[in-house]
Amino acid sequence: MTTTTANAEADRRTVSGSTPGAARGPRRPGRIRRVGLPYLLLLPALVLELLVHLVPMVMGILMSFKALTRFSIRDWSAAPWSGFDNYKISVDINAPAGEALLHSFWVTCGFTVLSVGLCWLLGTATAIFLQDTFRGRGVLRTLFLIPYALPVYTAVITWAFMFQHDNGLVNHVLHDQLGLTDKPSFWLIGDNSFIALLTVSVWKGWPFAFLVVMAGLQNIPKELYEAAALDGAGMWQQIRRITLPTLRPVNQVLVLVLFLWTFNDFNTPYVLFGKAAPEAADLISIHVYQTTFATWNFGTGSAMSVLLLLFLLVVTGLYLLLTSRRRKTADV
């Protein structure tokens, strides 16, 4: 009897061990819920992305193929198709619209190169300077991040008041206090408007570069600098041989983000100059806005926006391809 009971218990254990799926069967719903939970949490963001970006983008592409003006905007879906006429008008540099768009494009390119370069240079230099520990470093870091923390409209409106011709702080310091100019300058009109726009852009953009580079510097071991100092390397040699090569992946992402933000910047020139920016500061974002809403030519404005999107996609793709090849070459 005892032998029979023992054999039955052994058989039951064998059957239980040979069918693990049956034992884990009740746990499958919980495992499925755990796998599907991240997608469920991402669903609201995906819906907002669809509504805020993708749907307007598709509508803008459709509008670029229509002869959409003030006379047909009430029922834009019934506007006549124009094919690629809006694109031909935009890229025809011999026509007024194409010539103005080309001028705006070159102004935006020059503005972007200068702004991104200065933001990266100031941010990197400041982050390296504040890498060493000294009294008051935390206070300086906080002060340097204030321009980035301020709302864009608040910061730009403040600069607009400072650039006023009669009672602005900039003319008061440069002309009244330092005597660097013969007479008060007009900063919001004429050729000086480009300098004013570049100043505001760099002022509010370089703290972001400082923050990113400062975070990247935390991953560089101090032993590398100590070993380089023992080998007789000076500060500039350490920056050139250790800091900049180690920060290369961080700088690659930083430059791309700054480029996209600056090239697409609409808030800064719009708040600083209003609806009509001076010719010297006619960024492409403001130019597209004026073409679309000032002249009520929504078809041509949409075509210009699509061309801008294609240009940014091409530049971004080439930049990522170039940086990835350099990274592979460095790894080899």
Side-chain angles (χ1 to χ4, degrees), residues 90 93 96-123 146-148 150-209 258-295 297 300-301 304-305 307-308 311-312:
S90 301
I93 59 175
E99 183 181 1
L101 181 63
L102 181 62
H103 172 267
S104 177
F105 173 77
W106 288 121
V107 170
T108 307
C109 289
F111 166 76
T112 302
V113 171
L114 291 175
S115 179
V116 172
L118 291 175
C119 287
W120 177 84
L121 181 62
L122 291 175
I146 289 178
Y148 181 69
L150 286 176
V152 176
Y153 286 88
T154 303
V156 178
I157 289 175
T158 303
W159 275 101
F161 281 109
M162 293 171 60
F163 280 126
Q164 292 296 319
H165 177 265
D166 295 328
N167 52 5
L169 180 62
V170 176
N171 279 334
H172 175 71
V173 173
L174 296 180
H175 176 68
D176 299 337
Q177 299 295 328
L178 301 179
L180 298 179
T181 58
D182 298 333
K183 57 182 179 179
S185 303
F186 290 94
W187 295 103
L188 301 180
I189 59 175
D191 295 337
N192 290 334
S193 59
F194 183 85
I195 301 176
L197 179 62
L198 181 63
T199 301
V200 178
S201 177
V202 173
W203 180 84
K204 70 182 184 64
W206 80 267
F208 175 75
L258 288 176
F259 166 76
L260 294 176
W261 283 358
T262 307
F263 205 95
N264 286 316
D265 191 8
F266 173 81
N267 294 329
T268 303
Y270 182 80
V271 177
L272 192 62
F273 305 116
K275 297 180 180 180
E279 185 178 0
D282 185 24
L283 299 186
I284 197 167
S285 57
I286 288 292
H287 185 82
V288 172
Y289 170 82
Q290 292 176 344
T291 302
T292 306
F293 296 100
T295 62
N297 199 336
T300 305
M304 292 179 179
S305 300
L307 291 175
L308 174 61
F311 170 77
L312 293 177

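Side chains are part of it too, since the values below use all heavy atoms of this structure and drop only hydrogens, waters and symmetry mates.
- Counting heavy atoms from C-beta on, the side chains of L307 and S90 come closer than 4.5 Å.
- Taking 4.5 Å as the limit, some side-chain heavy atom of W187 sits within range of a side-chain heavy atom of I195.
- Side-chain contact between K275 and Q290: absent, with no pair of heavy atoms (C-beta onward) separated by less than 4.5 Å.
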- [ ] List the steps and the verdict of side chain to side chain contact (heavy atoms under 4.5 Å, CB included) for F163 and S185.
- [x] CA-CA 9 Å; F163 280 126; S185 303; over 6 Å; no
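- In terms of the salt bridge (charged side-chain N to carboxylate O under 4.0 Å, His left out) criterion, D282 has no residue partners (sequence neighbours excluded).
- The distance from atom OH of Y270 to atom CG of D265, rounded to the nearest 0.5 Å, is 14.0 Å.
- Nearest heavy atom pair, residue P147 against residue W203, reads CB-O, 3.3 Å.
- Minimum heavy-atom separation, F194 to G110: CZ-C, 4.3 Å.
- Between atom SG of residue C119 and atom NZ of residue K204 there is a gap of 8.0 Å, rounded to the nearest 0.5 Å.
- Atom CZ in F186 sits 13.0 Å away from atom OG in S193 (nearest 0.5 Å).
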Open item on the list: For a side chain to side chain contact (heavy atoms under 4.5 Å, CB included) check, start with the C-alpha distance between V271 and V152, then their side-chain angles and the critical distance, and finish with the verdict.
Closed with: CA-CA 9 Å; V271 177; V152 176; 6.0 Å; no
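- When side chains are defined from C-beta on, I286 does not count as touching F273, because their heavy atoms never get closer than 4.5 Å.
- Residue H175 is tested with D182, V170, T181, L180 for a side chain to side chain contact (heavy atoms under 4.5 Å, CB included); the sole match is T181.
- Side chains of F311 and I284 form no contact here, defined as non-hydrogen atoms less than 4.5 Å apart.
- Shown here is I93, whose CD1 atom has no more than 12 heavy atoms of other residues, nucleotides or ligands within 6.0 Å.
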- [ ] Apply side chain to side chain contact (heavy atoms under 4.5 Å, CB included) to L308 and F263, showing your working.
- [x] CA-CA 10 Å; L308 174 61; F263 205 95; 3.4 Å; yes
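- When all heavy atoms of H287 and A97 are compared, the pair lying nearest together is NE2-O, 4.4 Å.
- Below 30°, between 30° and 60°, or above 60°: for W261 and F208 the angle between ring planes is between 30° and 60°, a tilted geometry.
- Note that the CG atom of D176 and the CG atom of L169 stand 10.5 Å from one another [nearest 0.5 Å].
- Here the straight-line distance linking atom OG1 of T199 with atom CG of L272 works out to 9.5 Å at 0.5 Å rounding.
- T262 OG1 to L114 CG: the interatomic distance, rounded to the nearest 0.5 Å, is 11.0 Å.
- The side chain to side chain contact (heavy atoms under 4.5 Å, CB included) with Y153 is formed by just one residue from the set T268, T158, N267; it is N267.
- With S115 contributing its side chain and F111 its backbone, the two residues share no donor-acceptor pair below 3.5 Å.
- Residues F259 and L312 have side chains in contact (heavy-atom distance under 4.5 Å, counting atoms from C-beta outward).
- Using a 4.5 Å heavy-atom cutoff, the side chains of L188 and Q164 are in contact.
- Inter-residue side-chain proximity for E279 and H103 is flagged as met; some heavy-atom pair is nearer than 4.5 Å.
- For S201 (side chain) and L197 (main-chain N/O), no donor-acceptor pair under 3.5 Å exists by modelled atom type.
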